[in-house]
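Taking it in order: structure first as C-alpha cells, then the write-up.
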Amino acid sequence: MQQKYNPHVLEREAQRDWEARGAFRATEAPDKPKYYCLSMFPYPSGKLHMGHVRNYTIGDVLTRYFRMKGRNVLQPMGWDAFGLPAENAAMQNGVPPAKWTHDNIDYMRKQLKSLGFAIDWSRELATCDPAYYKWNQWLFLRMLEKGLVYKTTGVVNWDPVDQTVLANEQVIDGRGWRTGAVVEKREIPMYYMAITRYADELLAALDTLPGWPERVKTMQANWIGKSYGVNFGFSYDWTDPTSWKEGKVPASAPPPHGGGYPLQGQLKVFTTRADTIMGVTFLAIAAEHPLAERLANCRPALQPFVEECKRGSVMEADLATMEKKGVPTGFHVTHPLNGEKLEVWIGNYVLMGYGEGAVMAVPAHDERDFHFARKYGLPIRQVIAVPDKVFSTDAWQDWYADKESGVCVNSGRYDGLDYKKAVDAIAADLAAKGAGEKQVLYRLRDWGISRQRYWGTPIPIIHCAACGDVPVPDHQLPVVLPEDCVPDGTGNPLNKRADFVECKCPRCGQAARRETDTMDTFVDSSWYYLRYACPDNTAQMVDQRVSYWLPADQYIGGIEHAILHLLYSRFWTKVMRDLGLVKLDEPFRNLLTQGMVLNEIYFRRSEAGRIAYYNPADVEWSTDGAGNRSVALKADGKPVEAGGIGTMSKSKNNGVDPQELIDHYGADIARFFMMFTSPPEDTLVWSDAGVEGAARFLRRLWNFSWEFSKTATASADALRGAALPPALATARREIHAVLKQANYDIGRHQFNTVASAAMKILNALERAPQGDAAGGAVVHEGLSILLRLLSPITPHVAHRLWLDLGFGSDILEATWPEPDPAALIEEEIELVVQVNGKKRGDVRVPRDADRKAIEGIVLADPAVQKFISGQPVKKVVVVPGRLVNVVV
RNA sequence: GCCGGGAUGGCGGAAUUGGUAGACGCACGGGACUCAAAAUCCCGCGCCCUCAAAAGGCGUGCGAGUUCGACUCUCGCUCCCGGCACCA
C-alpha cells in the first residue's frame, strides 16, 4: 500500500478497473430483485454544474448501496439534448446547435466519468438522435389516430421587431430580451395533447404513490385543480333595445373575423360558488372572448382597452400580478333566477383559457370582485351571512368568502340555506329552466406541444393544399431534422430550408409543405426512462425488457420538476399503457426531489432593456471609505447589479463548474463534501467552505489505514469468545451504535449524517487502544464497517483500501454491514433528570431498572432534592431510556 | 397574485419525529511539533452576567396558544426559495 493518499492516481486506476470489467453493465436477471435507479438526465448546457454533481452523487450512493444489499442494479444516463440554449449559443457563436450540443455532450460525459459514477454507459441515449426522436413522432401519430392529439389555436408571445415567437424566459418585464420591444399576444395554430382526458386518473393515482413526497403530490393535485361547480348561462339578446345602456341597438358592424357570436343566446359562466348567485352585480369577460370582439367591433371606444389587453406576455404570473382593470360595454344580460339586467364588463384579469372566459362577479363574497367593484363604483350586495360577524363594504374580510359557516341571506327562497343546500337548490332551479347544470371543472389545460423553433423533434405532418393536414406515413419516419442550420433570432430557420419544407403529399402525391414546428422538449423527457431498458431496439419503441426494469425504483431530480415534467411523464406512461405498449400505470415508484443549488446572480441592463448576466466568479465586492459595499466586474472594474440568489442555470450564468474542485481534490472528496454539506432535499446556497474538512477526513482515513496495514496479522477473529476490556467494548459499542443510526439514515436518504457517521467511526477507531490482538480485532472490524459504509459515497478510496488492507478482492461484491446487537448492550444507562421541565442533572441506573426503582433513585438524588426544596412532588414522568421529569 | 417549501451558533448542519438544543464538520482562538512555514496533533468555542470560575438566566425568524415538557403540534405574521403551463 502507498503511504500517501493520492486520489487522482487511485481514482483513475479504480475507474479503469471498473470499465475494463464492465462492472456496471446491467443485464436482466428475472430471478434477482432489481433496482432501477434513475436520475433526471441533464441538458447538455456546456459543463456540469453543482446541481448535477449533487443529483448524480445521490443516485450513485443509492445505486451502490442497493448493489451491496443484493439487488440487480441499473443506473443509466442520457442527454436531454434538444432545446432553446443551443439556439441561443448558435446566435452568439454562429455554431450550429447540433455541433454545439454534441461537443457539450462529449465534454460532460468525460466529467461524469471522472466522478466515478456506476453508470451503465452502454445504454446512453440523446434525444436529438433521430433513432430516439423517431419514436416521439411515431407515438404522436398514434395519439393523433386516437384523437389524443388535436389541432387548435393557442396564444404565444410575439416580438413585433424580430417577427418571432418568444419563450416566456425571453420576455423580461413584458419586453423581448433581444429587441426590448413590447411583446404582444398572438393566436396561432398548434397541436395539443389531450392530457385533460386523464385528469381524473392523474389525480386519483397520486394515492397509489406512497413513495412520493407529500409536497409533490399536493402540488400536482392543486395543479390539476379539480373543482365542483355549476355551469350556467345569462341569456342575452343583441337585438333587444333594453339590452343596451342607451336603450337602442348600436349601429351594426361587419361580423368580426372568425364568424362572430350569435345575436341571441346564453353567456356561459362557471362558478364554484353558486350559493352566491343572487349577489351577482355584473359580469366580466376576457378581451379575447368572441362577445368582447363583437362588442369592440361596433363600439370603437372599447378598442383601446382590448388592444391594451393584447399587449404583454402570456405568462400567468404576469397576468395575476398586474393591476386589475376593466371597461363597461353598455351591453346587458339577464340573470337566470331573478331576471335582473346586468352589465357586461371586459376585464383584463379574466382568463380565456379557464372555464368559459367569462365570470359572474359577486363583489360581496369574492375578493377580486370586491376590489374591482370598489374601484369602479359597482354595487356590492351581501347574500351570505356568518353568525356574529358584521358585513361592511369598507374593506375586504376573509370571512366574507367563508363556505363553511355561511348561510344565504337577501336571496329570496334560498335564505337560510347553507353552502351545500344552496348550491343543490340553485343548480336544480337552473336545470329546470334549462339555464345550467352542475359541472366538474379542472384547472389543468391540454398540453400545447408546438414550438416555432428549430432545435427540436419535427412534427410529422405534411400540409397539402388538396388533402389538408396529412400525417407522415410510418415508413417515412423519422422526419429528420437538418443539422446544419444556424438560427439568427428571427424565426424558425426551417422555414427557409426548401429541402426540408418541400415534399410530396403522401395521400395525393402533389407538391406539399412540411410542418416546420417542432415539439416541446418535455415530449422528449416524458419517456426516455423507458427507452433505457431497450435503447438498441431499432424496430420498436419499447419491448419486453421494459417490463423487467420499470417502474423505476427510485427517481431523483430537482424539485423544480415537481409538476410539469413529472405530470407529463405520468400522462405519457398512461397513454402508452392504453395503446398496449407497456403494462405500467405509473413510471416512478419512489421519488426523491433534490433541493436546488443556488448561487448569487449578477447582471447589467443595457439602455435597450437587454440583460447580460455575469458569473459570480467574475465579479468582486469592495468597500469604499464610507463603508458602502459595491460590486464590479473583475474584467473591466465597472459596476454590476446584484440580483439576489437563484438556481444555478445557463440563463443566469451563475453555475459553478465542479471541475476545479475535482481537479484539486479528486472525485471522492468532491462527492463526500457534496453529500456532507446538506441533506439532499434541502435548498443549498453554494459555498465550498468546508471542503477542506472532507479532504482532511479522507487523508486521516488513509493515514490511519497505513498505520493499521503494518499490523498485518490483525483479524476480527479475536472478537469471538472472551469479553473485551471496557475501553474496547466502549469503542466497539460506539461503532455499532453509529452504524445502526447510519443505516437508518441511509434508509431515509439523509446522507449528510451518513457522512458524519463515517467521521464518528474514524474518531472512535483513533481513540481505541489497539496494542493487542483484541484491540487489533476491534479496529479490523471497525475499518471494514467504515470502508463499506463509505463505499457508496467515496467509492474509489474504499475500493483501494479494501484491496490494500486485504478485506477482499472487490468491495462492490461485499455485503452491507449490519450492527451486532450484542455489541450495543450496556449495563448502566444514563437518564436526564428534569425538575418542572428544566434539566437539573443526570443519574445512572441499571439497564433493566423499572419505573419505581428509577423514581426512587431520582428522588434520592441530592441535586434533585435541592431543586425540589421541600415542595410536594405532584407527578413524576419517566420516559424509558431517556429522562425523568419531576413536577412539583 | 396563486400553489408548494424553508428559517436552529460566525458558517454548513444534528436532534432516532413531543423528551439533554447545537452531534459531525468549517471558520476562529490558544497550545505542541518546527530555524520557519505547511501538514499533523491537543485544548477551547451559542448568548448574557463574571477578571475568571462556580451558580444562574436567556436562547431554534417574529407574536400568541396547547403540554409535566415544544426546534418539533395549533393559530396569526415576516422574510427567503421553487413552480405558475414556451428555461429545462
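Just so it is clear: chains get the letters A, B, ... in the order the sequence lines come, proteins before strands, and each one is counted from 1.
For the residue pair A/Trp79 / A/Tyr132, no side-chain donor-acceptor distance below 3.5 Å is found, with atom types taken as modelled. Inspection of the A/Ser313 and A/Asp318 side chains reveals an N or O donor paired with an N or O acceptor under 3.5 Å. Between A/Arg840 and A/Asn885, the side chains place no donor N or O within less than 3.5 Å of an acceptor N or O (distance only, hydrogens not considered).
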Contacts under 3.5 angstrom, residues 673-687 of chain A side chains, donor-acceptor by atom type, not counting sequence neighbours:
unit_1   : atom_1 : unit_2   : atom_2 : d
A/Ser678 : OG     : A/Arg54  : NH2    : 2.8
A/Glu681 : OE1    : A/Thr593 : OG1    : 3.3
A/Ser687 : OG     : A/Ala689 : N      : 3.0

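The side chain of A/Met759 lies closest to B/rC24 when the candidates are B/rG12, B/rA85, B/rC24. When distances run from any side-chain atom of A/Arg882 to the nucleotides B/rU20, B/rC87, B/rA88, the shortest one goes to B/rU20. The side chain of A/Thr521 has B/rA88 as its nearest neighbour among B/rG5, B/rA88, B/rC24. With B/rA85, B/rC87, B/rA14 as the choices, the nucleotide that has an atom nearest any side-chain atom of A/Tyr568 turns out to be B/rA85. Listed nucleotides: B/rG19, B/rG25, B/rG13. Nearest to the side chain of A/Asn752: B/rG13.
Computed from coordinates, the A/Asn743 CG to B/rU16 C1' distance equals 13 Å when rounded to whole Å. Atom NE2 of A/His749 and atom C1' of B/rG13 are 19 Å apart (whole Å). Between the P atom of B/rG25 and the CE atom of A/Met675 lies a distance of 19 Å, rounded to the nearest Å. For A/Gln594 and B/rG4, the CD to P distance is 22 Å, given to the nearest whole Å. Taking atom CZ of residue A/Phe697 and atom C1' of nucleotide B/rG25, one finds them 11 Å apart after rounding to whole Å. A straight line from CG of A/Asp682 to P of B/rU8 spans 11 Å, rounded to a whole angstrom. Protein atom CG of A/Asp745 is 16 Å distant from nucleotide atom P of B/rA23, rounded to whole Å. Between A/Glu367 atom CD and B/rG1 atom P there is a gap of 10 Å when expressed in whole angstrom units.
Taking the O4'-C1'-N9-C4 or O4'-C1'-N1-C2 dihedral as appropriate, B/rG9 has a value within 90° of 0 and is therefore syn. A syn orientation is assigned to B/rU17, its glycosidic angle lying within 90° of 0.
No side-chain donor-acceptor contact under 3.5 Å links A/Asn157 to the backbone of A/Val183. Remark: the backbone N or O of A/Ser45 is paired with a side-chain donor or acceptor of A/Lys650 at under 3.5 angstrom. Side-chain atoms of A/His52 come within 3.5 Å of backbone atoms of A/His49 as a donor-acceptor pair (strictly under, hydrogens ignored). At least one donor-acceptor pair closer than 3.5 Å links the side chain of A/Asn654 to the backbone N or O of A/Gly646. Checking side-chain atoms of A/Glu367 against main-chain N and O of A/Trp396 turns up no donor-acceptor pair under 3.5 Å. Here the side chain of A/Thr127 pairs a donor or acceptor atom with the backbone of A/Ala81 at under 3.5 angstrom.
Counting only heavy atoms from C-beta outward, the side chains of A/Gln750 and A/Tyr744 never approach each other to under 4.5 Å.
Going from the C1' atom of B/rC71 to that of B/rG19 covers 13 Å, rounded to whole Å. To the nearest whole angstrom, the two C1' atoms, one in B/rG12 and one in B/rC3, are 29 Å apart. When the P atom is used for both B/rC77 and B/rG4, the distance is 15 Å, rounded to whole Å. Rounded to the nearest Å, the gap between the P atom of B/rC45 and that of B/rG22 is 12 Å. For the C1' atoms, the distance from B/rC28 to B/rU78 is 32 Å, rounded to whole Å. B/rG61 sits 13 Å from B/rG10 when the P atoms are compared, rounded to a whole Å. Going from the C1' atom of B/rC81 to that of B/rC33 covers 48 Å, rounded to whole Å. Remark: the separation of the P atoms in B/rU60 and B/rC48 is 16 Å, to the nearest Å.
Not a single ring pair (Phe, Tyr, Trp, His ring centres under 6.0 Å) links A/Tyr442 to another residue, sequence neighbours left out. In this view, A/Trp706 satisfies the ring pair (Phe, Tyr, Trp, His ring centres under 6.0 Å) rule with no residue, not counting sequence neighbours. Take A/Tyr528 and apply the ring pair (Phe, Tyr, Trp, His ring centres under 6.0 Å) test, not counting sequence neighbours, and it matches A/Phe41, A/Tyr532. Partners of A/Thr179 by side chain to side chain contact (heavy atoms under 4.5 Å, CB included), not counting sequence neighbours, listed by chain and number: A/Asp159, A/Val161, A/Asp162, A/Ala181.
Residue whose closest nucleotide on RNA chain B sits further toward the 5' end, between A/Asp842 and A/Ala320: A/Ala320. Place A/Gln741 and A/Leu684 on RNA chain B by their nearest nucleotides, and A/Leu684 ends up nearer the 5' end.
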* Asked: Checking side-chain hydrogen bond (donor to acceptor under 3.5 Å, both in side chains) for the pair A/Thr101/A/Asn104: CA distance, chi angles, key distance, verdict?
  -> CA-CA 5 Å; A/Thr101 302; A/Asn104 289 347; 5.8 Å; no
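Sorted pairs that involve residues 871-883 of chain A and meet salt bridge (Lys or Arg N to Asp or Glu O under 4.0 Å), not counting sequence neighbours, are lacking altogether. Listed by first then second residue, pairs satisfying salt bridge (Lys or Arg N to Asp or Glu O under 4.0 Å) with a partner in residues 742-756 of chain A read A/Asp745-A/Arg748, not counting sequence neighbours.
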If you restrict it to nitrogen or oxygen atoms, what contacts under 3.5 Å exist between nucleotides 40-44 of chain B and the protein, and what is each distance?
unit_1 : atom_1 : unit_2   : atom_2 : d
B/rU40 : OP1    : A/Arg699 : NH2    : 3.4

Every protein N/O within reach of nucleotides 59-70 of chain B N/O, cut-off under 3.5 Å:
unit_1 : atom_1 : unit_2   : atom_2 : d
B/rC68 : O2     : A/Asn885 : ND2    : 2.4

Report each atom pair, protein N/O against N/O of nucleotides 28-32 of chain B, whose distance is under 3.5 angstrom.
none

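Distances shorter than 4.0 Å separate some side-chain N or O of A/Lys838 from OP1 or OP2 on B/rC58. Contact check, A/Gln750 against B/rA15: a side-chain N or O comes under 4.0 Å of OP1 or OP2.
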* Structure fact -> A correct 5'-to-3' footprint of nucleotides 72-83 of chain B, with B, S and - meaning base, sugar-phosphate only and no protein heavy atom under 4.0 Å, is ---------SSS
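Checked by distance alone, A/Arg748 brings no side-chain donor or acceptor within 3.5 Å of a matching partner on the base of B/rU16. Applying the 3.5 Å distance criterion, the base of B/rG25 shares no donor-acceptor pair with the side chain of A/Glu692.
In RNA chain B, consecutive stretches of 3 or more Watson-Crick or G-U wobble pairs with both distances under 3.5 Å are given as paired ranges: B:1-7 with B:78-84, B:10-12 with B:24-26, B:28-32 with B:40-44, B:46-48 with B:56-58, B:61-65 with B:73-77.
Among A/Asp524, A/Thr518, A/Asp520, the single residue meeting the side chain to side chain contact (heavy atoms under 4.5 Å, CB included) criterion with A/Phe82 is A/Asp524.
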